[in-house]
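What follows is a short report on a single structure.
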There are 2 protein chains.
Amino acid sequence: MGNLALEPLDRPEGMTTHEYAHRRLRQAIMVGSIRPGESLTIRGIAEAMESSPTPVREALRRLSSEGALRVLDNRRIMVPRMTADRFLELISLRSVLEQHAARRAVPHITERRIDRLAEIDRAQDDAIARKDKATALLLNQEFHRTLYTANPEQVIMPMVESVWLQLGPLLGIAMEHVEQLYLVDRHQEAIAALRKRDEDAVAAAIDADIREGIGGFERPAIENLLRLAGQ
Amino acid sequence: MGNLALEPLDRPEGMTTHEYAHRRLRQAIMVGSIRPGESLTIRGIAEAMESSPTPVREALRRLSSEGALRVLDNRRIMVPRMTADRFLELISLRSVLEQHAARRAVPHITERRIDRLAEIDRAQDDAIARKDKATALLLNQEFHRTLYTANPEQVIMPMVESVWLQLGPLLGIAMEHVEQLYLVDRHQEAIAALRKRDEDAVAAAIDADIREGIGGFERPAIENLLRLAGQ
DNA sequence: TGTTTATTTTTGTGATCACATTTTGAAAAT
DNA sequence: ATTTTCAAAATGTGATCACAAAAATAAACA
């Protein structure tokens, strides 16, 4: 215990320590390198990133607000364990939230941004062809984010990011074991619908993208996956 | 500046200072006693609640994650100003989120909890009859919260709370000026639908409750309200 | 050998301090 | 009167320390 494996991360000049700590921990949680159930210590993290408790505490508070960490009664902090129920809850929320985000983006979308979406989608296809899973996952998120942030009023996106983060640890594991995730690509459908400014069709494409991808798992498959992940 | 008016708040034994600071600031923001645009200082808050910067900073980080505060480039912290666009965005998100929360609660609802909902609704009607606006607002939230928390898996509720908090400052002002908000009561409809375990009807009642209440404002009415609020 | 008790270590928490940056307010110059 | 310049105050930030509670380890007992 105590020896936390945190990959170093690029730190732009002028970035505060607490923000850096937040980014680095977030990244670690997203890729599942912090095992759920394992308790995190403030001093341990501070030491691992060569800083002090104060900024680390701020980062931990933010992450717990974002649902990425859970504070126990003992005041211990850990990455919450995934369960089949929680997983299904997160998926259904993700679907509703992202459909709504997509709808609210449509009136603000420009042809230029749609082109950018097409570009990201191509890059993702490349990554999939190269079997570069990590990049593919990142580009998939980039696609969705680029769509939703067409809306200048950003109140939904932080919540979508929160759901992604809570799903993150399992998502990484799932990609290791399941090929199904790569076969789904409704992005072309979404792009076509966007060109027509057809809100319903965009929402339908996003919904399909989620439900046929990670969200397509039935309960037995999820439980099997959780067993594989050793949780 | 600097002299922050923070109403004292009951502090249960064993509650940490940063959690207390969070609760107290949250409460102040929710009722609109911190003017949007006015910048908050860490030392000012620490002094106002007779503590020190460290726990206050943790509270501020949490609140900014919850969308209640915005951190500017200068690292200044303030309650975000409301605009008509942001308001409409928040309302539509609230509707979508709470309809979903309601649907996901239905399978877990018990008769006992429905009785509790009926009780809360009666208390709210009393408060309205007494023209006790603050209590009515609190009881309305309590009604919605009691419904959604029937679902044992709590991933949606924090997001609903976040939306409430972002809407909070204006909500308080709106209740001062607009009688319309009191006339809406779709709670009875929701209760009837719950007794029948009719998900669609429950969602419809919640949607109506939101859209005919605070959400029923058209853009001109909102802009007028914002003017009244002096923002 | 297994359980309980005592001691040591670890950990979260909150206050304080020093430093760098920003903001503010006064003084000087145009 | 308006703008510019400069000093003083305020502010965010991060490290350090002391304290109390919790956890882990060692010792004593059954």
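These numbers come from a predicted model, not from an experiment. Below, read A as the first sequence line, B as the second, and so on, with proteins coming before strands; counting in each chain starts at 1.
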**Request:** Kindly give the heavy-atom pair with the smallest separation between A105(A) and N151(A), and that separation in Å.
**Result:** CA-CB, 4.2 Å
[X] and [Y]: side-chain donor and acceptor closer than 3.5 Å?
X	Y	answer
S52(B)	R43(B)	no
T149(A)	R113(A)	yes
S95(A)	R211(A)	yes

**Fill in**
Across all chains, not counting sequence neighbours, the ring-ring contact (aromatic ring centres under 6.0 Å, His included) partners of Y20(B) are none
**Message:** If the condition is ring-ring contact (aromatic ring centres under 6.0 Å, His included), which residues does H22(B) pass it with, not counting sequence neighbours?
**Reply:**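 Checked H22(B) against ring-ring contact (aromatic ring centres under 6.0 Å, His included); zero matches.
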**Message:** Please enumerate all residues that pass salt bridge (Lys or Arg N to Asp or Glu O under 4.0 Å) together with R130(B), with sequence neighbours excluded.
**Reply:** D132(B)
**Prompt:** Which residues satisfy the salt bridge (Lys or Arg N to Asp or Glu O under 4.0 Å) test with E89(A), sequence neighbours excluded?
**Reply:** R104(B)
When the distance from [atom1] of [X] to [atom2] of [N] is rounded to whole Å, what number comes out?
X	N	atom1	atom2	value
E47(B)	dT11(D)	CD	C1'	13 Å
I45(B)	dA15(C)	CD1	P	14 Å
R43(A)	dC19(D)	CZ	C1'	11 Å
I42(B)	dG12(D)	CD1	C1'	5 Å
I77(B)	dT11(D)	CD1	C1'	11 Å

**Request:** Check DNA chain D against residues 52-73 of chain B and give the residues with a non-hydrogen atom under 4.0 Å, in numerical order.
**Result:**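 Contacts with DNA chain D under 4.0 Å: R57(B), R61(B).
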**For DNA chain C, the residues among residues 10-23 of chain B that have a non-hydrogen atom under 4.0 Å from it** = T16(B), T17(B), H18(B)
**Message:** Using 30° and 60° as the class boundaries, would you call the ring planes of H187(A) and F143(A) parallel, tilted or perpendicular?
**Reply:**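 Because their plane-to-plane angle is under 30°, the rings of H187(A) and F143(A) count as parallel.
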**Prompt:** For R75(B) and dT11(D), is the shortest distance between a side-chain N/O and OP1 or OP2 below 4.0 Å?
**Reply:** no
**Asked** So does N74(A) get a side-chain nitrogen or oxygen closer than 4.0 Å to the phosphate oxygens (OP1/OP2) of dA21(D)?
**Response** no
**Pair of N/O donor and acceptor under 3.5 Å linking dG12(D) base with R76(B) side chain** = no
